[in-house]
Amino acid sequence: MTTNTLKTVLVFKTSITNNEEIDKLQPILNRLMKTNDLWNFDLEDCDNILRVETNHLQPESVLGLLGMHGFYCEELH
């Protein structure tokens with residue numbers, strides 16, 4: 001029997017504007033994630049959205065990580 005737990009989807013407005021910036025952040029974001037966590041950027045959205053699907057991360061972890069690397073990040077509710 002498999003136990004399915006619902007993931008939380010965290011949505012952030014960011015200052016990420018191109019794939020080169022995403023490439024720089026990829027290994028850093030991957031280290032923050034657990035095995036079943038997912039993340040992606042939507043650069044076509046005017047807010048350059050970062051979506052994180054997780055069972056364990058708190059928004060502050062993502063905010064702090066991007067901020068440490070010089071990027072603006074704001075959680076959207």
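Scope of the values below: all heavy atoms of this structure, side chains included, with no hydrogens, waters or symmetry mates. Heads up: numbering here begins at 1 and tracks the sequence.
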Engineer: Is any side-chain heavy atom of Y72 less than 4.5 Å from a side-chain heavy atom of L66?
Structural biologist: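 Not touching, per the 4.5 Å side-chain cut-off.
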
Engineer: Measuring only between side-chain heavy atoms, which start at C-beta, is T8 closer than 4.5 Å to N55?
Structural biologist: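 Of all side-chain heavy-atom pairs linking N55 with T8, none is under 4.5 Å.
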
Engineer: Nearest 0.5 angstrom please: N40 CG to R51 CZ, how far?
Structural biologist: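 One gets 6.0 Å once the value is rounded to the nearest 0.5 Å.
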
Engineer: Applying side-chain contact (heavy atoms from CB on, under 4.5 Å) between F71 and each of L25, T14, L63, report the one that passes.
Structural biologist: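 Testing each of L25, T14, L63 against F71, the sole residue satisfying side-chain contact (heavy atoms from CB on, under 4.5 Å) is L25.
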
Engineer: Using the test salt bridge (charged side-chain N to carboxylate O under 4.0 Å, His left out), find all partners of K24 that sit at least two apart in sequence or belong to another chain.
Structural biologist: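 For K24, no residue satisfies salt bridge (charged side-chain N to carboxylate O under 4.0 Å, His left out) once neighbours in sequence are set aside.
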
Engineer: How long is the gap from CG on L43 to OG1 on T17, to the nearest 0.5 Å?
Structural biologist: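 Those atoms lie 7.5 Å apart.
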
Engineer: Less than 4.5 Å apart, any side-chain heavy atom of F41 and any of N19?
Structural biologist: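 Sidechains of N19 and F41: no contact.
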
Engineer: Could you walk me through whether L65 and I28 pass side-chain contact (heavy atoms from CB on, under 4.5 Å), step by step?
Structural biologist: CA-CA 8 Å; L65 182 73; I28 299 159; 3.1 Å; yes

Engineer: Set out, in order, the CA-CA distance, both residues' side-chain angles and the distance that settles side-chain contact (heavy atoms from CB on, under 4.5 Å) for L57 and L32, then state yes or no.
Structural biologist: CA-CA 8 Å; L57 283 177; L32 187 64; 3.8 Å; yes

Engineer: Within the distance-only criterion (no hydrogens, no angle test), does the side chain of Q26 pair as donor or acceptor with the backbone N or O of I22 below 3.5 angstrom?
Structural biologist: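 Pair absent, no side-chain N/O of Q26 close to backbone of I22.
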
Engineer: Under the side-chain contact (heavy atoms from CB on, under 4.5 Å) test, which residues partner L76, sequence neighbours left out?
Structural biologist: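 Applying side-chain contact (heavy atoms from CB on, under 4.5 Å) to L76 gives V11, K13, D47, I49, E74.
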
Engineer: If you group Ile, Leu, Val, Met, Phe, Trp and Tyr by side-chain heavy-atom gaps below 4.5 Å, do V52 and M68 land in one group?
Structural biologist: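 Yes, V52 and M68 fall within the same hydrophobic cluster.
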
Engineer: About how many Å separate CG of N18 and CD of E20, when rounded to the nearest 0.5 Å?
Structural biologist: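 It is 4.5 Å, given to the nearest 0.5 Å.
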
Engineer: Please tell me whether D37 and T54 have a donor and an acceptor in their side chains that are separated by less than 3.5 angstrom.
Structural biologist: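 Side-chain D/A pair, D37 to T54: present.
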
Engineer: Could you walk me through whether E75 and L10 satisfy the side-chain contact (heavy atoms from CB on, under 4.5 Å) test, starting with their C-alpha distance in whole Å, then the side-chain angles of each, then the deciding distance to 0.1 Å, before giving a yes or no?
Structural biologist: CA-CA 7 Å; E75 184 180 15; L10 305 173; 4.1 Å; yes

Engineer: Go through M33 and L38 one step at a time and tell me if the side-chain contact (heavy atoms from CB on, under 4.5 Å) criterion holds.
Structural biologist: CA-CA 7 Å; M33 304 294 151; L38 301 170; over 6 Å; no

Engineer: If you round to the nearest 0.5 Å, how far is OG of S61 from NE2 of H56?
Structural biologist: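 Rounded to the nearest 0.5 Å, the NE2-OG separation comes to 7.5 Å.
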
Engineer: Using a 3.5 Å distance criterion without hydrogens, assess whether the side chain of N48 forms a donor-acceptor pair with backbone atoms of S15.
Structural biologist: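 Absent.
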
